[in-house]
Amino acid sequence: MGKIIIEYLEGKKIYACKNCNVHLSNQDYLTSKQFTGKSGTAFLFEKGVNYLTGIPEDKRLRTGLHTTQDIMCIKCQTYLGWKYLHAYEQSEKYKEGKIILEKLFLTKIKWN
Amino acid sequence: MQVYDNLALQEVQSISIDDSPERLKEIVRMILQELSQMGYDDACKILEDESQTKLDTTQMSELKESFLNGDYENILQQLDFSDMINRKLQYEIQKQLYLEIVQQRNYEQAVNLLRQLSEFNEQESQVLAKMIFLPEDASQLYVQLGIPMDQREQRLQLYQKTLNLLNFGDFSLKTQFDKVIDQSLEYQIKRCPYHNDSNENKNYSLLIDHNCQSYQIPKNNSILFQGFDDEVWIAKFSNSGTWIGCATKKNSIYIISKEQQQKISKAHQMDINSLVFSSDDKLLFSASNDKKINCYDVQTAQIKVTMSQHTNEVLCLAYFKNQLFSGGVDGWIGIWQDNGKLVNQIKSKVVKNILLTDQYLLLHNAAIFSITVIENDSKFNKIITHMEEQELIVSSAVSQNQQFLVLNVSKEKPKLHLWSLKTFQKLHVFFGFQVKGIEMKCCFGSKKDNYVCVGSQDGKVYFFNKNNQLQQNVIDGHNQPINFVDWHSQTAQLLTASDDKTVKIWIQDHVEQQQIINIANEYDQPINSQQGEIVEEQDDQEDEEYQQQSEGDQSF
Ligand SMILES: [Zn+2]
């Protein structure tokens with residue numbers, strides 16, 4: 001398998017995989033903390049790095065029908081959240097392309 | 001080798017002789033022109049008769065006549081002055097005019113002309129000015145200017161200069177043949193898959209197709225080290241080439257040579273990112289995601305000191321002139337003594353690799369797509385430039401002669417970029433190897449750093465000639481993906497490390513029998529948390545000792 005190529009982020013607060021410390025997103029990309037995932041509190045991010053995506057699936061969420069795919073850590077393959085590919089409701093379109101990371105699987109790296 | 005044969009075949013197929021009448025005529029005219037310029041008038045006449053091709057010289061003779069008659073007005077009309085070359089020609093003609101006017105003692109017009117001349121070449125104009133004011137020194141001044149005394153000779157020289165400086169109608173100039181030869185040689189060198197630009201092969205000829213031999217490629221496997229506990233991610237030669245430092249996926253470190261193999265199990269808690277030997281090969285340093293840098297005694301494989309000041313993953317190490325450099329995610333470069341004492345800190349970005357030359361400290365940034373070039377003085381605060389890439393730089397290496405940098409930018413598509421450290425320009429792109437999401441180390445190697453080498457996902461090793469973009473050579477390295485290549489310049493040995501849990505040494509010469517060295521597990525030290533603690537305690541003591549020593553040094 002070899003050593004997987006990892007991207008790194010810079011910024012005051014970085015969100016990383018709790019299991020293996022791989023950088024996933026940072027505060028600049030954080031859009032909302034008001035989401036709920038399988039494990040509880042979840043964050044919506046504009047974008048992220050170092051994740052793998054699963055098969056696209058149609059899911060009925062609280063806010064309506066969406067096409068999503070699971071997100072796993074590129075290094076340790078831990079489930080982290082999901083990515084919005086398509087929102088059927090007009091009011092939910094803003095989520096398309098954005099990602100959800102569940103708080104339980106995240107660790108924060110702070111600088112100074 | 002296969003690849004080269006294909007290239008050679010393509011080359012042969014692409015050569016077809018254009019025997020159209022225009023081409024033949026052109027060849028004959030070029031020869032005629034060359035013969036005429038060399039003064040072989042008889043040969044020229046015979047060729048003209050036999051080929052029924054006339055060297056049309058009327059336009060030329062008119063021009064020559066104008067020069068010899070000093071009819072500069074006519075010349076200037078015939079020639080179209082547009083670019084820089086013609087500006088130089090105009091200067092030459094005006095200079096001749098000036099010399100003739102001075103001879104006629106028409107000083108007023110001469111001074112006017114001198115003003116124009118000084119705009120183009122101030123230095124020479126000062127010499128020319130002396131022609132007016134120091135006429136008694138004229139002969140000496142002519143020598144200084146490299147101009148003959150006799151006017152007819154002066155005019156002939158000007159005519160020759162003119163021919164050299166411009167293309168006149170469809171009549172090519174004297175140096176055209178020379179130019180064609182230069183271009184052809186350059187082309188041959190560009191097409192030479194094994195090209196080696198070291199001094200011994202400087203005699204190129206058009207009479208034979210130029211091709212360097214591929215002797216420099218270490219394609220024969222001399223030693224196979226097997227029995228590693230997992231995928232080998234790093235394998236690096238020591239400075240002398242005697243020792244090899246290896247790190248595996250299980251975070252074990254191996255310090256091996258032909259005679260002796262030692263294993264340090266669980267050297268780190270997390271991934272090992274870098275290994276580096278001290279200049280004297282006595283110490284091996286390792287950097288890890290566990291935020292620590294360890295220092296081992298190469299002979300005994302015993303840990304000497306652990307440096308724990310980094311607050312995040314340590315991604316890279318470099319050793320330069322008795323100092324260890326470290327960098328990583330926490331945004332500072334540490335400069336350390338062998339005893340583990342931190343002597344300097346430099347603010348940085350997230351740094352994936354540190355490369356040092358006598359002139360520069362190069363920081364390979366991991367969060368932005370660039371290399372920061374910093375002056376290698378003791379302060380490290382002068383940024384020379386940033387070498388910008390369009391995508392993530394995965395790995396990087398600098399050539400032994402410190403003139404080139406190779407960057408692996410294979411995150412999306414496998415490719416290497418060769419940069420010059422003189423001009424900071426991108427020179428070549430190399431591709432053909434396979435990588436998918438895996439960090440692949442690349443390196444320079446062979447005499448004069450002629451090749452760039454990279455491993456491939458398919459277990460092959462690719463060699464690219466740094467002089468051109470042709471694929472050089474491919475060897476079947478391993479059965480599984482290669483993670484690391486290191487080419488030792490003095491011993492000309494190549495090291496490859498693979499997922500197949502082996503490390504191989506490759507040499508240029510024919511190998512009678514491959515040597516297989518089993519890295520037995522007998523060197524395994526049992527690991528338990530207790531021992532780990534004891535080791536750390538010992539470290540602390542050593543730390544203190546070293547500090548005391550260094551304090552003593554300071555007071556001294
Ligand atoms: Zn992870």
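Excluded from the calculations below are hydrogen atoms, water molecules and symmetry mates; all remaining heavy atoms, backbone and side chain alike, are included. Per chain, numbering begins at 1; letters A, B, ... match sequence-line order.
- Of the atoms belonging to Glu313(B), it is side-chain heavy atoms, and not backbone ones, that fall under 4.5 Å from chain A.
- The contact between Met270(B) and chain A is made entirely by side chain atoms (from C-beta outward), counting heavy-atom distances below 4.5 Å.
- Side-chain contact between Lys3(A) and Asn483(B) is absent, with no heavy-atom pair separated by less than 4.5 Å.
- Remark: side-chain polar atoms of Glu10(A) are paired, donor with acceptor, to backbone N or O of Val350(B) under 3.5 angstrom.
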Scan the side chains in residues 40-47 of chain A for donor-acceptor partners under 3.5 Å anywhere in the protein, sequence neighbours excluded, and list what turns up.
none

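- In this structure, Glu388(B) places its CD atom where more than 12 heavy-atom neighbours from other residues, nucleotides or ligands lie under 6.0 Å away.
- With a 4.5 angstrom heavy-atom cutoff, Ile6(A) touches chain B only via backbone atoms.
- Between Asn312(B) and Ile109(A), the closest side-chain pair of non-hydrogen atoms falls below 4.5 Å.
- Looking only at distances, a side-chain donor or acceptor of Glu231(B) sits under 3.5 Å from a matching main-chain atom of Met1(A).
- Only the side chain of Leu315(B) has a heavy atom closer than 4.5 Å to any heavy atom of chain A.
- Per-residue counts of heavy-atom pairs under 4.5 Å with chain A were compared for Asn273(B), Val232(B), Asp230(B), Ile234(B); the largest is that of Asn273(B).
- Nearest heavy atoms, Gly2(A) versus Trp233(B): O-CZ2, 3.3 Å.
- Heavy-atom distances place both the backbone and the side chain of Lys349(B) under 4.5 Å from chain A.
- Neither the backbone nor the side chain of Ile393(B) has a heavy atom closer than 4.5 Å to any heavy atom of chain A.
- By the salt bridge (Lys or Arg N to Asp or Glu O under 4.0 Å) test, Asp486(B) is found to be paired with no residue, residues two or more places apart in sequence or in another chain being considered.
- Open room surrounds NZ on Lys103(A); 12 or fewer heavy atoms of other groups in view lie less than 6.0 Å from it.
- With a threshold of 4.5 angstrom between heavy atoms, Leu392(B) approaches chain A through side-chain atoms but not through N, CA, C or O.
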